[in-house]
Amino acid sequence: MIIKRLEPYLLVSAGGFAGACSRYVVSGLIPDMPGILIVNLLGCFLLGFLMYESIYIGAFSQHTRMVYGVGFIGAFTTFSTFSYQTYIASPLAAFINVMLNVGLGILCVFAGRSVAIRLSGLR
């Protein structure tokens, strides 16, 4: 009974561990603003795909979406580091950083949705 209650937390924790480790690797390969932009955009794409996959295809279980959507993507992406980097940047770099993260992030969610729709055979 206790394991059943803990299951969502264990799933999110496992995904979070993998997401945090993955972000650490990407940050080591691509430091500073470009690295954070890449993890945020990749996370937006993956979340867009995952959420719309559940609508159009439904191949992933609720548990799978929990592991990847809440755990992995939640730990992989970072709003706090994006905010801090924007705060310490010059005004022009800060403006560009915000526009790229928000604008391209929305486009990446749309791209993830488009992939889910295409894989579903609806288009």
Side-chain angles (χ1 to χ4, degrees):
M1 185 63 148
I2 288 179
I3 295 295
K4 193 67 172 166
R5 284 185 173 175
L6 291 177
E7 186 177 23
Y9 299 100
L10 295 172
L11 292 170
V12 170
S13 296
F17 175 79
C21 290
S22 297
R23 181 169 58 135
Y24 182 76
V25 168
V26 172
S27 295
L29 296 172
I30 308 166
D32 301 324
M33 279 188 193
I36 297 306
L37 176 64
I38 287 171
V39 298
N40 285 341
L41 296 180
L42 185 56
C44 287
F45 174 82
L46 293 172
L47 191 61
F49 173 78
L50 190 63
M51 294 298 105
Y52 284 98
E53 184 281 336
S54 69
I55 294 169
Y56 296 113
I57 303 170
F60 299 134
S61 70
Q62 180 182 359
H63 286 48
T64 301
R65 288 192 303 276
M66 192 179 302
V67 169
Y68 292 104
V70 178
F72 182 85
I73 297 169
F76 183 65
T77 60
T78 174
F79 186 76
S80 56
T81 304
F82 155 70
S83 298
Y84 174 73
Q85 288 177 341
T86 301
Y87 178 77
I88 64 170
S90 70
L92 179 61
F95 177 77
I96 291 168
N97 194 41
V98 169
M99 293 299 109
L100 289 174
N101 271 276
V102 175
L104 293 177
I106 292 168
L107 289 175
C108 284
V109 170
F110 180 76
R113 174 187 178 268
S114 297
V115 170
I117 290 171
R118 190 162 303 264
L119 290 176
S120 74
L122 291 177
R123 283 194 178 175

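Side-chain atoms are counted along with the backbone in the values below, which use heavy atoms only and exclude waters and symmetry mates.
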Please round to the nearest 0.5 Å and tell me the distance separating atom [atom1] of [X] and atom [atom2] of [Y].
{"X": "Arg113", "Y": "Cys108", "atom1": "CZ", "atom2": "SG", "result": "15.0 Å"}
{"X": "Leu100", "Y": "Phe95", "atom1": "CG", "atom2": "CZ", "result": "9.5 Å"}
{"X": "Ile38", "Y": "Thr77", "atom1": "CD1", "atom2": "OG1", "result": "14.5 Å"}
{"X": "Ile96", "Y": "Thr86", "atom1": "CD1", "atom2": "OG1", "result": "11.5 Å"}
{"X": "Leu42", "Y": "Leu37", "atom1": "CG", "atom2": "CG", "result": "11.0 Å"}

Fill in: Backbone N/O of Ile117 and side chain of Ser120: donor-acceptor pair under 3.5 Å
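The answer is yes, because a donor-acceptor pair under 3.5 Å joins these two groups.
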Discussion item. Is it the case that the side chain of Arg23 and the backbone of Val39 share a donor-acceptor pair, with hydrogens and angles ignored and the cut-off at 3.5 Å?
Written reply: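 A pair under 3.5 Å: no.
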Worksheet item: Mind checking who shares a hydrophobic cluster with Tyr87, ILVMFWY linked at side-chain heavy-atom distances under 4.5 Å?
Response: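 Tyr84, Ile88, listed by chain and number.
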Considering residues at least two apart in sequence or located in another chain, which fulfil the side chain to side chain donor-acceptor pair (under 3.5 Å) criterion with [X]?
{"X": "Ser61", "answer": "Thr64"}
{"X": "Ser54", "answer": "none"}
{"X": "Glu7", "answer": "Lys4, His63"}

For [X] and [Y], which heavy atoms make the closest approach, and how far apart are they?
{"X": "Cys44", "Y": "Gly105", "answer": "CB-O, 3.4 Å"}
{"X": "Phe60", "Y": "Arg65", "answer": "O-NH1, 2.7 Å"}
{"X": "Met33", "Y": "Ala89", "answer": "CE-CB, 3.3 Å"}
{"X": "Phe72", "Y": "Ser22", "answer": "CE1-OG, 3.5 Å"}
{"X": "Asn101", "Y": "Ile36", "answer": "OD1-O, 4.4 Å"}

Discussion item. Going by the rule ring-ring contact (aromatic ring centres under 6.0 Å, His included), which residues pair with Phe82 if we only count those two or more places apart in sequence or in a different chain?
Written reply: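 ring-ring contact (aromatic ring centres under 6.0 Å, His included) check on Phe82 returns Phe79.
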Worksheet item: Which residues pass the ring-ring contact (aromatic ring centres under 6.0 Å, His included) test with Phe49, sequence neighbours left out?
Response: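 Scan of Phe49 (ring-ring contact (aromatic ring centres under 6.0 Å, His included), adjacent residues dropped) gives none.
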Transitive ILVMFWY side-chain link [X] to [Y], under 4.5 Å:
{"X": "Val25", "Y": "Phe17", "value": "no"}
{"X": "Tyr24", "Y": "Ile30", "value": "no"}
{"X": "Val67", "Y": "Ile57", "value": "yes"}
{"X": "Tyr68", "Y": "Leu119", "value": "yes"}
{"X": "Tyr9", "Y": "Val12", "value": "no"}

Discussion item. Tell me if the OH atom of Tyr52 is crowded by more than 12 foreign heavy atoms within 6.0 Å.
Written reply: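 Atom OH in Tyr52 is not packed in, count stays at 12 or less.
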